[in-house]
Each structure stands twice: as C-alpha cells, then as structure tokens.
Number of protein chains: 2
Amino acid sequence: MLNYSTSEENYIKAIYHLQQQDGNVTTNELAAELKAKPASITDMMKKLKAKKLLHYEPYQGFSLSNEGKKVALGIIRRHRLWEFFLAEKLKFTWDEVHEVAEHLEHVSSKKLIDKLDEFLGFPRVDPHGDPIPDQDGKIETSRQVCLLDLPFNKSAVVSHVSDQSTEILELLKHKNIVIGTKLEVKKKFSFDNSMEVKAGRQPVFTISEQLAKNIFVKYGA
Amino acid sequence: MLNYSTSEENYIKAIYHLQQQDGNVTTNELAAELKAKPASITDMMKKLKAKKLLHYEPYQGFSLSNEGKKVALGIIRRHRLWEFFLAEKLKFTWDEVHEVAEHLEHVSSKKLIDKLDEFLGFPRVDPHGDPIPDQDGKIETSRQVCLLDLPFNKSAVVSHVSDQSTEILELLKHKNIVIGTKLEVKKKFSFDNSMEVKAGRQPVFTISEQLAKNIFVKYGA
DNA sequence: ATAATAATTTAGATTTGTCTAAAAATATTT
DNA sequence: AAATATTTTTAGACAAATCTAAATTATTAT
C-alpha cells in the first residue's frame, strides 16, 4: 500500500462517506463536504484517477475504485481506533474525539495502528457506534435502521448517532442514552412525530422527531 | 501559542538540538542535520526570523529566540511523550519509537498532549533517558556526564544513550544496561580506553571506549 | 427545441517548501 | 595581503494544493 498525502487522504475519505449513500459522487457535493471550491475538486479528481484510486469521466461524477476503497478503509480504521483511544484511555468526551482524530489518522504506520488495535483490545466500534475495519479492511456491515423506522416493541440497541454536536450529547446524557442502550418504541404521535420509548427498566420517556432522526439502532434478524 | 507547519517545526527542533552544543548554528550544519540544501535553510531562516522565532543576520548563523525555544520545547514534549507511550503501552522497542514519534509530534492539540501526559502518569524521561518538558516548557537540566568522564567508585545512574541504533540496543541488552541502571567505574585502561564497570551485584564487566562514549550518567551532588 | 440556469472544467495565479546554479561574502593559506 | 577555497545567499524554477474568473457542458423550464 502506497502512501498518500494528507490532502489526498481527506478527499478519499470524503468520497467514501458520500458514496455510501449516493453511489456516485458529484463535484459540488464533494466541494460542499470538504469546504473547497469545485475547481479544486476537479484538480484532485484528475490526480486520484491517474493513481487509479477512482473512476472518473469529466462531467460524469466519480466513485472509488476497489483500490480506492481499500485506502479509504485504512484511513477510517486509523480514525476510529484513535477515537476509541481518546475516549477510552484519555477520557475525551464524545464530541471532542473527532477533531483530534482527524489529525492522528494521517500518521500511517501500519505497525503503530496494529499495535494500538491490540492495546485497545480489538474494539469493534468507535465511540459513535461506527464499526472499525480490521487489518484487512473488513468492516461489519450492520443492519442499522433509523430509530424513526424501528417497529413497535422490537428491542434494539443504539448503535450510532449521526450528529456529533455538544448539544445532542447533552440531550442524550440527560436521557441516559449511550451507544449500546437497549430501546423499544412504545408509541408514535403523528402530530409531531415524537415517540415514547422504553429503555431497560426505566420509565417510558419521550424522544422528539429531531432526536430520533439522529439515532440509529441495530436489531436482531 | 500559534501553530506552525510540520516543516517549520522540524527546522525549529533541529536548531534547538544543534544549539545545545554550539550555541550558534550555521547554515551548513543545519543543512546536514536536516538533509536539505543550504539554500533551503536560508529560505526558512528568513521566514522564521520574520515570525520572531530566531535571531539571524545574513552570514552570521542563527539561534532560537526565547519564543523559538518555547516552541521547540513544546515539540520536544510531544515527541518524548509519544515515545514513552509507544514503548510503555504499545511495546515498541527502543529503536522503533523515534521514527513514529517524528510524525505524531506534529499533532499539536494541547489538550491531547496534556491528557496523554496524565494517562502516562507524568513520566519524567523518555525511553532514551531524555527529560520530558512539562506543560510550561520547563525541562530538567540534568548534571549529566559521559561515562568516560565518570570518576572511579562514584555510583551513578545511566540517564541517556546518545546513539539510537539497533546495534547499540543489542549490545546494551546483552550487558543488561538500561536507563536507570546503577554503575560504578572500577578500572580504566589507557591502552584502548576500555573500562571495567560494576552494576549492582553483578560481576564486574568491560565496556569499550566506543560504547562508553555513548552512555551518559547522572550522579549525586 | 431552444433559451436560461446550473454544474463542471480549464486557464492562469498564489503560497509553501524545495531545488540548482550563479553570485557574493567570509575564511584560509601561502 | 592576495589568492584560493569555503560558506552562504540570491535568483529563478518546480511541484503540490489551492483559489478566481472565464469557458464549456449538462440540465431544466418555457
């Protein structure tokens, strides 16, 4: 595996995330994601195409090649392992880990990352509930659904929170919800799309539409 | 404290190390240290002077300003804390830590480093025996002497090894010498400048001039 | 289907960090 | 102290990553 510049890595990572949803990624989408100008995107796409990391024809959008995906998963592995380290060992709060991990992820010593993985006890998910790819780039493809779409009375486990703001952290803390919390939806109100939820033996409580939108859960087959 | 580029940080660090011995640093010296061309050094010296990190007049060499020294000590703090982490927690060997720390040292989150320091138990020295500056940039100025200059029968503690090659590590391992080992010089032979040394209750053994040159010790007032 | 609009690319400029080759300053030797 | 050698600086070039403004292609609406 060759080495890529910090900038190249940031582009690759951003494309990976965008194509999870869209499949094909456009210049403007990526420009928005990276807070860069469209012209800069085109420049970099040419370079990454030359390195065979993505498929790209002018005006047709782009998507990562298999090699590009492998590179992306390597970066994501580093990012999420550092996030886990920061939260678990250095006691960073949930909303602080991301920014620091953005920098640490670009230190690309394989030995460092594999030893870190071992030191941390081979964690499966990062503090936001996102799965951590293994040495070979294998990543757990989870049957996640948004809490909004969870059927009634199906016990499910909170596995991911998409927003990472301090505000949502504060609210989740107040409601005692963390990654791993077991939930069941008891009622939904169509007026405001709020829902009543039960967590373990706690009394039923209410979750707003805005909050439910950001909570993702996994539930058994 | 402002942020500096990786390149600027590497220059600052190199000047700090060189001026420990010479006081004033020359263009060629620094070029050799950084494996760069003299012209590149001059370019960067102009930039660092403009940022008030060093004293520099054309053709007269240069040395860090107080601000420059503070920046240098921040970088050295990060480097040595990561070295300690790699050796202590990730079980890297002595000769492996340096290269990886060269990269990690440029991640400049103050919170990260202070929390890392705490997590590691506020270590005073890195795996090579070099002192780690504290949050305020204070660094232990140790009364170190080269083992060659240690008087007879003075009990002293190995505090630093200047060479960092695999070869010296192998030899030191064989002789059971680590940072912290207590030594006493028993005899010196002027023929080859070798010496006989006693470590704790081990039988006396021999150290060559080449090896003694690279071992530094601290001894009581 | 054509005109208007939006998205994308190209062309050319800028900054950072590096280099080579030539010029200038300093140091050394005779 | 003059000649020679060494060190350092300057001048100009280049690659990476970004930008602005203009040109081009694609999409949408009439």
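Residue numbering restarts at 1 for every chain, and letters A, B, ... go by the order of the sequence lines. All values below were derived from every heavy atom in this structure, side-chain atoms included, with hydrogens, water molecules and symmetry-related copies excluded.
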*Asks:* Within the pair A:K46 and C:dT10, is there a side-chain N or O less than 4.0 Å away from OP1 or OP2?
*Replies:*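 Looking at the OP1 and OP2 atoms of C:dT10, one of them is under 4.0 Å from a side-chain N or O of A:K46.
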
*Asks:* Looking at the side chain of B:Y59, which of C:dA11, D:dT18, D:dT8 is the nearest nucleotide?
*Replies:* D:dT8

*Asks:* Within this structure, what is the NZ-to-C1' distance between B:K37 and D:dA11, rounded to whole angstrom?
*Replies:*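 B:K37 atom NZ is separated from D:dA11 atom C1' by 18 Å.
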
*Asks:* With a 4.0 Å limit, can you tell me whether B:S5 has a side-chain N or O closer than that to the phosphate oxygens OP1/OP2 of C:dT16?
*Replies:*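 For B:S5, the contact criterion (side-chain N or O under 4.0 Å from OP1 or OP2 of C:dT16) is not met.
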
*Asks:* Output the rounded distance in Å from CD1 (B:I41) to P (C:dT18).
*Replies:*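 In whole Å, C:dT18 P lies 8 Å from B:I41 CD1.
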
*Asks:* What's the closest nucleotide to the A:T42 side chain, out of D:dA21, C:dT8, D:dT8?
*Replies:*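 The listed nucleotide nearest to A:T42's side chain is C:dT8.
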
*Asks:* Under 4.0 Å from OP1 or OP2 of D:dT8: is there any side-chain N or O of B:N28 that close?
*Replies:*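 Looking at the OP1 and OP2 atoms of D:dT8, one of them is under 4.0 Å from a side-chain N or O of B:N28.
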
*Asks:* What are the two closest heavy atoms between B:V97 and B:A87, and how far apart are they?
*Replies:* CG1-N, 3.9 Å

*Asks:* B:D43 has an atom CG; how far is it from atom P of C:dT18, in whole Å?
*Replies:*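 Distance, rounded to whole Å: 9 Å.
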
*Asks:* Check whether any side-chain nitrogen or oxygen of A:S40 sits under 4.0 Å from OP1 or OP2 of D:dT18, and answer yes or no.
*Replies:*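 For D:dT18, OP1/OP2 do not have a side-chain N/O of A:S40 under 4.0 Å.
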
*Asks:* Please state how far atom CG in A:L34 lies from atom P in D:dC19, giving the value in whole angstrom units.
*Replies:* 10 Å

*Asks:* I want to check one thing: is the phosphate of D:dT9, taken as OP1 and OP2, less than 4.0 Å away from some side-chain N or O of B:Y56?
*Replies:*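 B:Y56 to D:dT9 OP1/OP2: side-chain N or O found under 4.0 Å.
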
*Asks:* B:H79 and ring pair (Phe, Tyr, Trp, His ring centres under 6.0 Å): which single residue from B:H98, B:H103, B:H106 fits?
*Replies:* B:H98

*Asks:* Classify A:P58 by what it touches in the nucleic acid, base, sugar-phosphate, or nothing, heavy-atom distance under 4.0 Å.
*Replies:* sugar-phosphate

*Asks:* Using the side-chain heavy atoms of B:T27, tell me which of these nucleotides is nearest: D:dT10, D:dT8, C:dA11.
*Replies:*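 For B:T27, the side-chain atoms sit closest to D:dT8.
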
*Asks:* For the pair made of NZ in B:K35 and P in C:dC19, what is the distance, rounded to whole Å?
*Replies:*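 Going from B:K35 (NZ) to C:dC19 (P), I get 13 Å.
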
*Asks:* Would you find more than 12 non-hydrogen atoms of other residues, nucleotides or ligands less than 6.0 Å from A:E170 atom CD?
*Replies:*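 Counting other residues, nucleotides and ligands, CD of A:E170 stays at 12 neighbours or fewer.
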
*Asks:* From C-beta outward on A:A39, which listed nucleotide comes closest to its side chain: D:dA21, D:dT9, D:dT18?
*Replies:* D:dA21

*Asks:* Once you round it to whole Å, what is the distance between C1' of D:dT8 and CG of B:L30?
*Replies:*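 Between C1' of D:dT8 and CG of B:L30: 13 Å.
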
*Asks:* Report yes or no: do A:S63 and A:Q19 form a side-chain donor-acceptor pair below 3.5 Å?
*Replies:* no

*Asks:* Would you indicate which nucleotide in D:dT9, D:dT18, D:dT25 comes nearest to any side-chain atom of A:Y11?
*Replies:*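 Taking heavy atoms from C-beta onward, the closest nucleotide is D:dT18.
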
*Asks:* Think A:S7 has a side-chain N or O under 4.0 angstrom from the OP1 or OP2 of D:dT18?
*Replies:*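 Yes, A:S7 has a side-chain N/O under 4.0 Å of OP1/OP2 on D:dT18.
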
*Asks:* Which whole-number value in Å describes the distance from B:M45 CE to D:dT8 P?
*Replies:* 12 Å

*Asks:* May I ask you to decide if A:E57's main-chain N or O and A:Q60's side chain share a donor-acceptor pair within less than 3.5 Å?
*Replies:* no

*Asks:* Over how many whole Å does the gap from B:K51 atom NZ to C:dT15 atom C1' extend?
*Replies:*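 It is 12 Å, rounded to the nearest whole Å.
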
